[in-house]
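I have placed the structure first, in the form of structure tokens, so that the comments after it can refer back to it.
We name chains A, B, ... by the order of the sequence lines, and we start the count at 1 in each one.
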Amino acid sequence: MGSAMKFISWKALGLLLVLPLAAWAANPALAGRWRLDPKRSTALDGWTAWDLVVSLEGTSVDLRHDMQWRATKLTSTNTLDTAKPTTVQNFFRVEQRHMALYQVRGALTPVRAEWLDGERTLRVEATPQIEGSQGTGPMRIYQELRLIDGDQELLLIELHSTRGKPFVYRFTKVIGEK
Amino acid sequence: MRPIIIALVCVTFISAGLRAAGTGATTTMPAARAAWVMNFDGDWLVAKGLPEKIMLLSLQGLANRAAPQLYVVHPKEFQWEITGPLFEFYQRKHGVAFTEVKSAVAALTLFGRYAKGYVIWEPAVPATMNVAFTIAGLEDALVVTSEQVAQVEKFGLKRIDDLRGRYTGQTDAQIYRDAYARYWSRCAHDAIMLMGGQFGAVRMPAMADWGVRQKMFFHDLSANPNHPEELALEKKLFSELAPGSTVFGWHSYAKDTEEQHTTLLSGYGLRMEGLHNLPNLSFNCQFTFTPGFKFTNNHQVALDAKLTAQQKVYISFVQSDSIGIGVWTKPGRGKLPFGWQVTVNWTKFSPAALEYFHESATKNDYFIGGLSGPGYMYPNHIPADKFEVLMADARQLMATLDEHIMEIMDNSAADGNVGNADLTKETVDRYYKAFPDVIGFINGYGPARTRDLRDTRAMISYDYYIDPRRPREEVAADLNELIALNAKRPYFLLVHVRESNDVNTLVEITKQLDGPVEIVPIDAFLKLAASNKTYTTRYQDPADPKHFKGF
């Protein structure tokens, strides 16, 4: 009985150690540069190209958006933490550029991120304040970035609390570019 | 050959006169006249169709100096869809009897006598096209390549100038500085021709006839600060134009942006009149409205009407880019109330086109003034001492066109995706002071966030811009998202329709919108917006992002 108890205790201790580590354990396959495949994605509005560059360090996840419209380029990064909720200043969302909905300058956006599905899906929930013609209000954004089998494709599904249609974006891994 | 042609011309004149008399023409029909028409194809390649078109455009400008003689009809896919309908309009309402001219040789036979010679340009040095056009206007010359010399010399024309080799290895700044020294003092100083647009293998100078007729200085100098020499010369030219002058044409797609160029010229109180391929102004400018015609708009509300908005979403559609390049001729017009921005100074050089639009308007078509004034300009950059004079001209033109709404656009700090398209408070103050009798104002091209309400005049910016390439289900989803986010009722959703959209697809979109939604004409929209201010007051904030920070 004593040795069984000891075993159970060790097992419990092991579980206690592993569970938080799961929150911390980033999937390195997600890191890198991902290029939007426009033909298999919801149409971008205004933007003509989008690279999503994912960087992982411990529980920190940087989602860098390299956007382009003709010769104009814009880069913006949302830094998340899968260990705890954070706030992001000037949270970047890929706007439909032809809508009069604007980032509230300097506003802090509460963001939560966590790994799901054996670290093959990154879930992001954010509630940025958005300025419209009637003033500002929240938009709840829910995203899942899912690694597709083979780790060369990434699927991003995004829902807005204010939109009846999801955005579905497919990316392919870019090798050799930072 | 020439005597036979002259005889035919005389017969045409006489028979046109007889036709007018024989029909018992009413007093509203102008005296019949004869003219000629050429049908252009769509080949503007420098190595193929362009040289002949350039020669013909210079010929058109010269031939149309004395009278409206030569008109060009472009293919249906040409950016300006108006040439065919206007051709028919001239016949029907102005009694013009057209004879087709089927070839360049036939055109030279008819009109070669209006030229005193020719100038040779060098396709390998692109700027020489513009220098040659300048010379054409000043010296009554046809613009030709070396391969065309033999052709024009058969008509007794002599060489006036030869630009081959003169500018080899020089920059455009050097070329135009030389042209400035040689020709500027003799050119018009109330107008200039920015003959830019396409570059490289294709050029499309369809507006050149106008510049030749009016003896304008042609160029495609850059307004990009990265090209300081060109910019400096452009500034010099602008500073030497008369107050309120017009920059015709369009910026070069190779060198700078529409935003940079319009910002620059606005700073000199000049007005832009595009595009570089707007055809037939040398012909159109010689027609007025038909006798007895008065431009009347389809007003849905009186100027002093008071409306009360209900608890719903009000949507209004407007198309800018001036009528003539877009939705007007596409199927479905009339099915939805639509506002149409009219380039108000077409009253001066294309009144027949305006009368045609008026005549073919449905009850759902409503005309508004713009962009920003008596021509396309960015008002945040118009010097204070020039603003009122310019807007006085705009007021007069709008009165002629029975327009009660001014559309404003200032993209000096925007590029369509970044920056902002808003008006400073100072600019907004100026508009309210300059236009006391309008129903209201609209602002933007893409979405913007300048809004105000003073007395009964609302100023509303576009909340949405419909890109014709955007899938219609996404457009509907976008509009529904705006409706969801702007939850107070009434919500005033102003939509800008890009010129190549199709009204039928817009009808389908409106059927997919959530909640009580009413599509209203823009005059009613602004009156309703004035009745219940659920929108915020906002102007350009100095901290707003600016894509281009100016000069």
Examine whether an atom of B:Asp541 lies under 4.5 Å from a heavy atom of chain A, and if so say whether it belongs to the side chain, the backbone or both; otherwise answer neither.
-> side chain

Would a 4.5 Å heavy-atom cut-off, applied to side chains only, mark A:Thr42 and B:Glu474 as touching?
-> yes

Contact class of A:Arg163 relative to chain B, heavy atoms under 4.5 angstrom = both

Within the distance-only criterion (no hydrogens, no angle test), does the side chain of A:Gln134 pair as donor or acceptor with the backbone N or O of B:Ala487 below 3.5 angstrom?
-> yes

Contact part of B:Asn480 toward chain A, heavy-atom cut-off under 4.5 Å: side chain, backbone, both or neither?
-> backbone

Non-hydrogen side-chain atoms of A:His98 and B:Asp467 separated by less than 4.5 Å | yes

A:Ile130, A:Leu44, A:Leu101: which one forms the most heavy-atom pairs within less than 4.5 Å of chain B?
-> A:Leu101

Answer yes or no: does atom CZ of A:Arg112 have more than 12 heavy-atom neighbours from other residues, nucleotides or ligands under 6.0 Å?
-> no

Decide yes or no on side-chain contact (heavy atoms from CB on, under 4.5 Å) for A:Arg105 and B:Asp544, but give the supporting numbers first.
-> CA-CA 8 Å; A:Arg105 192 169 51 246; B:Asp544 283 341; 3.1 Å; yes

Which one, A:Met67, A:Arg70, A:His160, A:Met139, leads in non-hydrogen pairs under 4.5 Å with chain B?
-> A:His160

Evaluate the side-chain proximity of B:Leu485 to A:Met99: yes if any heavy-atom separation is below 4.5 Å, no if none is.
-> no

Side chain, backbone, both or neither: which part of B:Arg449 has an atom under 4.5 Å from a heavy atom of chain A?
-> both

Heavy-atom contact with chain A under 4.5 Å, split by part of B:Tyr462 | backbone

Among the options A:Gly132, A:Gly164, A:Ser133, A:Ala100, pick out the one with the most heavy-atom pairs lying under 4.5 Å from chain B.
-> A:Ser133

Can a salt bridge be assigned to the pair B:Glu481 and A:Lys165 using a cut-off of 4.0 Å between side-chain N and carboxylate O?
-> no

